[in-house]
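Take a look at the structure set out below.
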Amino acid sequence: MDRQQRLRIAVQKSGRLTDESLDLLHRCGLKFSRGKDQLMCYGENMPLDVLFVRDDDIPDLVQEDVCDLGLVGLNVLEEKRLAMLARGTTPRIEVLQKLDFGRCRLSLAVPQEFVFAGLQSIAGKRIATTYPHVLARFLRENGITAEIVTLSGAVEIAPRLGRADLICDLVSTGSTLTANHLREVAVVLESQVCLVRTPVALPGVKADWVRRLLVRVDGVQQVRESKYIMLHAPRSALSQIAKLLPGSESPTVIPLDGTGDKVAVHAVCRETVFWETLESLKAAGASAILVLPVEKMLA
Ligand code: ATP
Ligand code: ZN
């Protein structure tokens with residue numbers, strides 16, 4: 001009965017995606033308190049409840065309509081989708097929005113001594129991975145035949161243990177690879193967190209909330225890097241200053257009383273504002289430069 005009225009979103013219980021997923025929901029205005037079992041949080045000011053699960057379970061929960069929404073990495077999503085196809089199930093999970101966190105890539109990495117001269121070098125080799133379906137698709141698309149060794153974890157030590165010749169695993173900085181004397185040679189999939197949902201039509205109230213949530217998620221994404229810049233400048237320097245403001249649309253120009261040629265310039269910059277930018281602005285004639293964070297934005 002409640003399920004008719006309230007949305008349920010699946011989020012990773014504890015891991016790399018947890019903090020940023022909850023932060024996103026908070027920024028979208030959701031207040032919640034953790035229930036006794038800690039597995040479910042009830043939204044206090046929106047009809048949106050949060051279910052905490054392993055990230056690998058999120059696609060299935062959405063596929064089976066246990067949850068209306070989910071926050072999961074594209075890597076996990078693609079693997080699950082391909083696994084469903086392989087067993088004859090049609091995946092019904094749709095990506096509503098790609099989010100700007102959880103970025104990583106699924107890559108092929110070889111031991112330092114491996115002679116790699118293009119993808120043909122891995123033909124006939126054994127590749128250890130926890131993503132057998134995504135890897136199989138990559139090999140198929142590149143016309144390469146190789147043996148896939150499916151492991152449930154500790155992929156990076158498989159070559160040293162003699163279980164595989166190379167690996168296909170998630171990389172973000174590459175430090176884990178280096179620590180294991182491996183070197184990245186090809187990207188199989190670029191990944192980031194996705195907001196996913198079931199394509200099943202939702203009752204009116206829930207559908208409305210999904211729409212509102214999407215607008216808010218979009219707003220949150222836009223303000224992450226955005227800054228509000230205020231500065232003073234001689235009118236003659238305006239065109240050069242406008243060129244220096246990163247990702248800003250037409251700035252507001254306000255005359256300053258009793259200063260002759262001087263104006264105040266206000267602009268929203270949608271890209272990161274670096275110290276170097278401020279230095280260039282100053283060199284172009286700007287003074288009294290202020291950079292403020294943007295809290296919310298609604299286009
Ligand atoms: P769970 O217990 O929920 O199954 P897990 O061990 O599978 O956790 P984490 O290591 O927390 O998962 O990673 C979750 C997701 O974070 C990955 O599926 C991927 O989308 C993303 N991610 C980002 N950077 C990395 C990285 N360097 N290594 C692994 N995952 C990364
Ligand atoms: Zn997992």
Side-chain angles (χ1 to χ4, degrees), residues 1-77 80-81 91-104 170 172 191-227 292-299:
M1 184 359 254
D2 220 23
R3 287 283 291 135
Q4 284 300 306
Q5 309 285 330
R6 300 187 66 83
L7 287 167
R8 191 181 287 161
I9 184 167
V11 166
Q12 191 187 20
K13 185 169 186 241
S14 99
R16 290 173 200 262
L17 309 180
T18 310
D19 287 351
E20 285 188 273
S21 299
L22 294 180
D23 181 59
L24 173 71
L25 295 176
H26 274 132
R27 285 171 188 263
C28 287
L30 182 69
K31 290 200 169 74
F32 54 76
S33 55
R34 275 209 166 186
K36 271 200 207 102
D37 56 5
Q38 305 272 310
L39 287 179
M40 181 91 135
C41 277
Y42 296 92
E44 290 170 356
N45 58 342
M46 292 186 204
L48 174 63
D49 302 326
V50 184
L51 186 71
F52 292 96
V53 293
R54 287 196 56 199
D55 67 343
D56 314 67
D57 295 334
I58 295 175
D60 287 328
L61 290 168
V62 172
Q63 168 86 7
E64 290 157 20
D65 289 316
V66 177
C67 291
D68 309 291
L69 298 162
L71 286 170
V72 65
L74 185 65
N75 53 317
V76 170
L77 181 63
K80 294 285 175 180
R81 271 181 173 163
R92 305 185 307 136
I93 316 157
E94 291 173 356
V95 174
L96 287 183
Q97 212 158 344
K98 289 193 170 181
L99 304 173
D100 57 9
F101 63 95
R103 278 183 200 277
C104 57
L170 293 178
S172 51
S191 182
Q192 66 200 89
V193 170
C194 298
L195 177 62
V196 296
R197 88 163 211 86
T198 160
V200 163
L202 293 170
V205 193
K206 286 171 75 167
D208 268 356
W209 270 103
V210 170
R211 270 193 291 276
R212 287 174 73 177
L213 190 66
L214 278 175
V215 174
R216 293 184 188 188
V217 167
D218 201 41
V220 170
Q221 300 248 102
Q222 288 200 28
V223 300
R224 278 242 167 108
E225 297 280 290
S226 295
K227 294 283 180 282
L292 308 174
V294 175
E295 159 129 352
K296 291 192 176 65
M297 199 186 277
L298 194 65

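- Contact record, Ala10 with Val53: CB-CG2, 4.2 Å, taken as the closest heavy-atom pair.
- Side-chain contact between Arg224 and Phe101 is present, with at least one heavy-atom pair separated by less than 4.5 Å.
- Scanning both residues, Asp55 and Pro59, for their nearest heavy atoms gives O-CD, 3.5 Å.
- Under the 4.5 Å side-chain criterion, counting only non-hydrogen atoms from C-beta, Val11 is in contact with Leu25.
- Looking at residues two or more places apart in sequence or on another chain, you find a side chain to side chain donor-acceptor pair (under 3.5 Å) between Glu44 and Ser33.
- In this structure, Val220 and Cys28 approach most closely via the heavy-atom pair CG2-SG, 4.0 Å.
- Not one N or O on the side chain of Arg16 forms a donor-acceptor pair closer than 3.5 Å with the backbone of Asp19.
- Between the side chain of Gln192 and the main chain of Leu99, a donor-acceptor pair closer than 3.5 Å is present.
- Counting heavy atoms from C-beta on, the side chains of Leu77 and Leu74 come closer than 4.5 Å.
- Checked against side chain to side chain donor-acceptor pair (under 3.5 Å), Ser226 has no partners two or more places apart in sequence or in another chain.
- Looking only at side-chain heavy atoms (C-beta outward), Val50 and Met40 stay at 4.5 Å or farther from each other.
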**Request:** Step by step, work out the side-chain contact (heavy atoms from CB on, under 4.5 Å) result for Leu51 and Ile9.
**Result:** CA-CA 6 Å; Leu51 186 71; Ile9 184 167; over 6 Å; no
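- Listed for the Asp49 side chain is a donor-acceptor partner under 3.5 Å among the backbone atoms of Gly43.
- Between Arg211 and Arg216 the shortest side-chain heavy-atom distance does not fall below 4.5 Å.
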**Request:** Using the side-chain contact (heavy atoms from CB on, under 4.5 Å) rule, take Leu214 and Gln97 through it: C-alpha gap first, then chi angles, then the decisive distance, then the call.
**Result:** CA-CA 8 Å; Leu214 278 175; Gln97 212 158 344; 2.9 Å; yes
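- Below 30°, between 30° and 60°, or above 60°: for Phe52 and Phe32 the angle between ring planes is above 60°, a perpendicular geometry.
- Of the possible donor and acceptor atoms, none in the side chain of Asn45 sits under 3.5 Å from a partner among the backbone N and O of Leu30.
- A pairwise comparison of heavy atoms in Pro47 and Gln5 identifies CB-O, 3.7 Å as the closest pair.
- Within a 6.0 Å radius of CD in Glu64, other residues, nucleotides and ligands contribute more than 12 heavy atoms.
- The distance from the CG atom of Leu213 to the CG atom of Asp208 is 12.0 Å, given to the nearest 0.5 Å.
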**Candidate pair Leu202 and Val210, rule side-chain contact (heavy atoms from CB on, under 4.5 Å), full reasoning** = CA-CA 9 Å; Leu202 293 170; Val210 170; 3.6 Å; yes
Exercise answer: donor-acceptor pairs, residues 65-72 side-chain atoms, under 3.5 Å, sequence neighbours excluded:
residue: Asp65; atom: OD1; partner: Thr198; partner atom: OG1; Å: 2.7
residue: Asp65; atom: OD2; partner: Arg92; partner atom: NH2; Å: 2.9
residue: Asp68; atom: OD1; partner: Lys206; partner atom: NZ; Å: 3.4
residue: Asp68; atom: OD2; partner: Arg3; partner atom: NH1; Å: 3.2
residue: Asp68; atom: OD2; partner: Arg8; partner atom: N; Å: 2.8

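- The two residues Val223 and Glu295 have their closest heavy-atom pair at CG2-O, 3.8 Å.
- To the nearest 0.5 Å, atoms CG (Leu7) and CG (Leu48) are separated by 6.0 Å.
- Here the side chain of Gln221 pairs a donor or acceptor atom with the backbone of Asp100 at under 3.5 angstrom.
- With Arg197 contributing its side chain and Val95 its backbone, the two residues share no donor-acceptor pair below 3.5 Å.
- Residues Gly73 and Ser191 come closest through the heavy atom pair C-OG, 4.0 Å.
- By the 4.0 Å N-to-carboxylate-O rule, Arg27 lies close enough to Asp23 to be salt-bridged with it.
- How far CD1 of Ile58 is from NZ of Lys80: 10.5 Å, rounded to the nearest 0.5 Å.
- A donor-acceptor pair is defined here as one N or O able to donate and one able to accept, closer than 3.5 Å; no such pair exists between the side chain of Gln12 and the backbone of Arg54.
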